[in-house]
Amino acid sequence: MRAHFGTHPNAAQLWQDTTGNHPPVIAIDTETVSLKDRTLLGVGIAVSPSDAFYVSVGDPSFQEVIILLQNPYVVKVLHNALYDIRVLRPWGIDVTLVEDTAIMTRLIGLGGVLEEASFYVKTTARSAGDVIDSHGVSTMAELPDSVIAEKCCEDTLATFQLYEKFKDEVPQKVYQLDRRVIPLLEKVSSKGIRIDQDRLEHIRKYYQREYSYYTAVADGIGFNPSKSFEVGYILSEMGEFLPLTKKGRLSTDENVLRGVRSPKAIPIAQLTLLFRRAQKMLGTYLLPLKDQDRAFTMLHMNAVTGRINGTSAGSNNLDRGLLNLPKRADLGKPEDLKYRGVFIPNGTRLTEADANQIELRVLAHLSGDKRMQWVFANDGDLHSDAEMAIWGSRGTRRDFAKVFNYSVAYNADVQAIADGIESTDLVRVAAERRKWLDTYTGAASWMNSQMIEGPRQGYVESALGRKMWLPTDREEKHVLNCSINWPIQTFAAEIFKMCILECEYLVDWALLYIHDAQLYEGKVPIPDLSSVSEVHVPWESKVGDRWS
DNA sequence: CGAAAGAGCCC
DNA sequence: GTACGGGCTCTTTCGT
C-alpha cells in the first residue's frame with residue numbers, strides 16, 4: 001500500500017512532485033517486524049513538517065522510495081539513524097547527509113525517546129509497544145497496514161518537526177562530530193569479526209570440563225555453586241561472617257569470597273569462583289558464538305558521555321556486546337586458551353591501535369596540572385611518576401600507582417582504593433592518597449572546583465560543548481564523582497571519535513572501536529593521530545595473526 | 001512470567 | 001549509614 005497523512009489537498013499530486021523532484025530534506029522511519037526481526041515492512045517519508053507518505057515493501061511505488069533514498073543530495077533525517085540505516089543499507093540508502101534527531105534531543109536534554117521528545121512539537125509519536133498493545137497483537141507485522149502506516153507517518157512528521165525546531169539550537173561541534181561518526185559505526189557493526197571455530201571449540205571444551213568438574217565436586221559437598229544463597233549458607237555454617245547485600249541477602253561476590261579465612265571455607269570459596277568463571281565463559285562468551293562464522297555487535301553512542309558502546313539489544317540475535325571480551329582474566333593462561341585469540345582476520349593479519357593513557361592526558365589538559373603535563377610532554381610514564389612520588393621507588397609498585405592514578409582521579413574513597421590495591425591498611429592508603437593529591441596539586445584543585453561547580457550549575461560540560469545534566473535522584477557523593485569524571489570521559493570520547501574520523505579512509509578495514517582502541521583487518525598503517533586535538537595523545541599499534 | 005538484584009566482564 | 005565513572009549480559013531471585 002501507499003498511504004498519505006497530512007494536510008496537502010492532493011496526495012497524488014504531492015507524491016508525483018516528491019518523486020519527480022526530490023525535496024531537499026526528508027524525514028524517514030522504517031517499520032520492521034520487531035526490533036529483533038529486522039525484516040522491512042515499509043518506509044515512511046515526511047516531505048514537509050505536515051505531509052508524510054508510507055509505502056509498504058510490496059507496493060509498486062516502493063522502487064521510487066528507494067531511488068529517493070539513494071539520492072546523495074537529499075538530507076535524510078532519522079530518529080536513531082543507526083537502526084534504520086542498518087535496515088535500509090541492503091536497499092542502497094546513501095548516508096552522506098544523515099541527520100539524527102535522537103542525538104539532537106539527547107544533546108539538548110530532552111532524552112532520546114521520540115515519544116517523549118515529540119511532546120515539544122505538534123505531532124506526538126506513540127511507542128510501538130503502545131500501538132501493538134492497543135490492538136492486542138504481539139508484533140508490528142500482525143497489525144493492519146493502515147495502522148502501521150499511520151504510526152509510521154506520525155513518527156516521520158514528529159522527526160521532521162524536531163529537526164526543524166532544534167537543528168540550530170543543538171551544540172554544533174559535538175552534534176556534527178556524532179553525526180559524522182554514525183555511518184562508520186553502522187559499517188563496522190555490520191561487518192563483524194571472523195571467528196576461529198576450532199579455537200573456540202578448544203576453549204569451550206576446556207571450560208565445559210571445568211564446569212562439569214566443579215559442579216560435581218560441589219554436589220558431593222552438598223551445595224549448588226551457582227546459587228548465591230547456598231554458597232552464602234554453607235560458608236556461614238563454617239563460621240564465616242559475610243556482609244549483606246542491599247536487599248539483606250548474604251553477599252558472595254568475588255571480593256567477599258577471596259576474603260574468607262577459615263581453612264574449611266577457603267576451598268568452598270575457591271571452588272565457587274572457579275565454577276562461576278567457567279559458567280561466565282560458557283554462557284556469555286563461548287556458547288553464543290558456537291557455529292557462527294562471524295561475531296557482530298551494534299555500536300551506538302547512547303551513553304551519557306557520548307562514548308561508543310556496543311550492544312545486542314534491539315537487533316537480530318547475531319548481535320552481542322563485543323566490547324567487554326575477556327582479557328585481564330586470561331593474563332596467566334596459556335596462549336591457546338586466551339579468549340580474544342578466537343578472533344581472526346579474513347586474511348593473515350590484524351592491527352590493534354590504542355590511544356595511550358587518553359583519560360589521564362585529558363585530565364592533565366583540563367586541570368592544567370603542571371607536573372602531569374611535564375611528564376606527558378617529556379614522553380614519560382605517569383604511572384611510574386606517581387610511583388616515584390608516592391613511594392620513592394621505580395618499577396615494583398607501578399601497578400599500584402596505576403590504580404591510584406585512576407581511582408584518585410575519579411574521587412574514589414580510601415576503601416575503594418584499598419580494594420583496588422588489595423590492601424587492608426586504610427590509614428596507610430589514606431596517607432598515600434594524600435601524597436597523590438599533594439603531588440598533582442593542579443589536578444586536585446581542578447577536581448575540587450568541579451565538585452563545587454557541577455552541583456551548583458546542575459550540569460557539567462565537555463570540551464566540545466556536550467552538556468550533561470547531573471542526576472537529581474542519586475547520592476551527593478555520586479553527583480560529585482560525575483562532576484569530575486564526565487568531562488574527562490567525554491572529552492576522551494570526543495578525541496577518540498575525531499581520531500576514527502581521521503581514519504575514515506580506512507573504515508572498510510575497521511573491525512571494532514573499543515573506547516580507546518581500534519581493531520583493523522590486515523596490517524594497517526595508522527596515521528599520526530597525536531595532534532588531532534589539542535591534547536597530545538600518542539597511538540600505539542600492534543600487528544598479529546589473531547587478536548590477543 | 002517479567003523485573004530487579006547480584007554477579008562479573010570490559011575501558 | 002557511607003559505591004569510583006561509563007557500559008553490557010547472564011543467572012538467580014522475587015513479586016505480581
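The basis for the numbers below is simple: all heavy atoms, side chains too, and nothing from hydrogens, waters or symmetry mates.
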Tell me whether the OP1 or OP2 atom of C:dT9 has a side-chain N or O from A:T311 closer than 4.0 Å.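 Yes, A:T311 has a side-chain N/O under 4.0 Å of OP1/OP2 on C:dT9.
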Remember a base hit wins even if backbone is also touched, and classify A:V304 as base, sugar-phosphate or nothing at under 4.0 Å, heavy atoms.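 A:V304: backbone/sugar contact only, no base atoms under 4.0 Å.
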So, does A:H478 get its side chain near the phosphate of C:dC4, meaning an N or O under 4.0 Å from OP1 or OP2?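 For C:dC4, neither OP1 nor OP2 has a side-chain N or O of A:H478 closer than 4.0 Å.
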Partners meeting side chain to side chain donor-acceptor pair (under 3.5 Å) with A:Y339 (sequence neighbours left out):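 None.
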Can you tell me if A:D419 and A:Q415 form a side-chain donor-acceptor pair at under 3.5 Å?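 Yes, because at least one side-chain N or O of A:D419 sits under 3.5 Å from a partner of the opposite role on A:Q415.
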I need the residues from residues 411-428 of chain A with at least one non-hydrogen atom less than 4.0 Å from DNA chain C; give them sorted by number, or say none.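 Residues of residues 411-428 of chain A under 4.0 Å from DNA chain C: A:N411, A:A412, A:D413, A:A416.
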Suppose you measure atom P in C:dA3 against the same atom in B:dA5; what distance do you get, rounded to whole Å?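 The answer is 16 Å between these two P atoms.
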Rounded to whole Å, please give me the gap between CG in A:N481 and P in C:dC4.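 To the nearest whole Å, that distance equals 6 Å.
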What is the distance, to the nearest angstrom, from the CG atom on A:L512 to the C1' atom on C:dG7?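 It works out to 14 Å between those atoms.
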Rounded to the Å, how far apart are A:I358 CD1 and C:dG6 C1'?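 So the two atoms are 14 Å apart, to the nearest Å.
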I'd like to know if the side chain of A:Q176 pairs up with that of A:R179 as donor and acceptor (distance under 3.5 Å, no hydrogens or angles considered).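 There is such a pair (donor and acceptor under 3.5 Å, judged by atom type) between the side chains of A:Q176 and A:R179.
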ring-ring contact (aromatic ring centres under 6.0 Å, His included) with A:Y406: which residues, sequence neighbours excluded?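 Counting only residues at least two positions away or on another chain, A:Y406 forms a ring-ring contact (aromatic ring centres under 6.0 Å, His included) with A:H383.
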Looking across every strand, which nucleic acid part, if any, lies under 4.0 Å from A:S407 by heavy atom: base, sugar-phosphate, or nothing?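 Base contact.
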Specify the separation, in whole Å, of atom CD of A:E475 and atom C1' of C:dT2.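 A:E475 atom CD is separated from C:dT2 atom C1' by 9 Å.
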What integer distance in Å separates A:W486:CH2 from C:dG7:P?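 In whole Å, C:dG7 P lies 8 Å from A:W486 CH2.
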In whole angstrom, what separates A:Y410's OH from C:dG5's P?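 Checked: the OH to P distance equals 11 Å.
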Just by distance, with hydrogens left out, do A:Y83 and A:R38 show a side-chain donor and acceptor under 3.5 Å apart?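 A:R38 and A:Y83 do not have a side-chain donor-acceptor pair below 3.5 Å.
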Could you check whether any side-chain heavy atom of A:L501 comes within less than 4.5 Å of a side-chain heavy atom of A:L177, counting everything from C-beta outward?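 Yes - at least one pair of side-chain heavy atoms lies under 4.5 Å apart.
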When you compare the side chains of A:T351 and A:S541, does any donor N or O come within less than 3.5 Å of an acceptor on the partner?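 There is no such pair (donor and acceptor under 3.5 Å, judged by atom type) between the side chains of A:T351 and A:S541.
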Within the 4.0 Å limit for protein heavy atoms, which parts of nucleotides 5-11 of chain B are touched? Write it as a string from 5' to 3', B for base, S for sugar-phosphate only, - for none. SSSBBSB
Output the rounded distance in Å from CG (A:N405) to P (C:dG5).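 Atom-to-atom, A:N405 to C:dG5, this comes out as 18 Å.
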Decide side-chain hydrogen bond (donor to acceptor under 3.5 Å, both in side chains) for A:R361 and A:Q357; before the verdict, give the C-alpha distance in whole Å, the side-chain angles of both, and the deciding distance to 0.1 Å. CA-CA 6 Å; A:R361 288 173 193 272; A:Q357 297 184 4; 5.3 Å; no
Checking A:D336 now: which residues fulfil side chain to side chain donor-acceptor pair (under 3.5 Å) with it, not counting sequence neighbours?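 A:D336 satisfies side chain to side chain donor-acceptor pair (under 3.5 Å) with A:H202 only.
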Is A:H300 close enough to C:dG7 that one of its side-chain N or O atoms is under 4.0 Å from OP1 or OP2 there?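 For A:H300, the contact criterion (side-chain N or O under 4.0 Å from OP1 or OP2 of C:dG7) is not met.
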Residue met sooner reading DNA chain C from 5', once A:N302 and A:P288 are mapped to nucleotides: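 Whichever sits nearer the 5' end wins; that is A:N302.
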B:dG8 and C:dT2: how far apart are their C1' atoms, nearest whole angstrom?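 Pairwise C1' distance, B:dG8 against C:dT2, rounds to 24 Å.
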What pairs of donor and acceptor atoms, side-chain ones from residues 280-290 of chain A against any protein atom, are under 3.5 angstrom apart with sequence neighbours left out?
| residue | atom | partner | partner atom | Å |
| --- | --- | --- | --- | --- |
| A:T284 | OG1 | A:K280 | O | 3.4 |
| A:Y285 | OH | A:N324 | O | 3.0 |

Once you round it to whole Å, what is the distance between P of C:dC4 and CD1 of A:I488?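 The answer, rounded to whole Å, is 15 Å.
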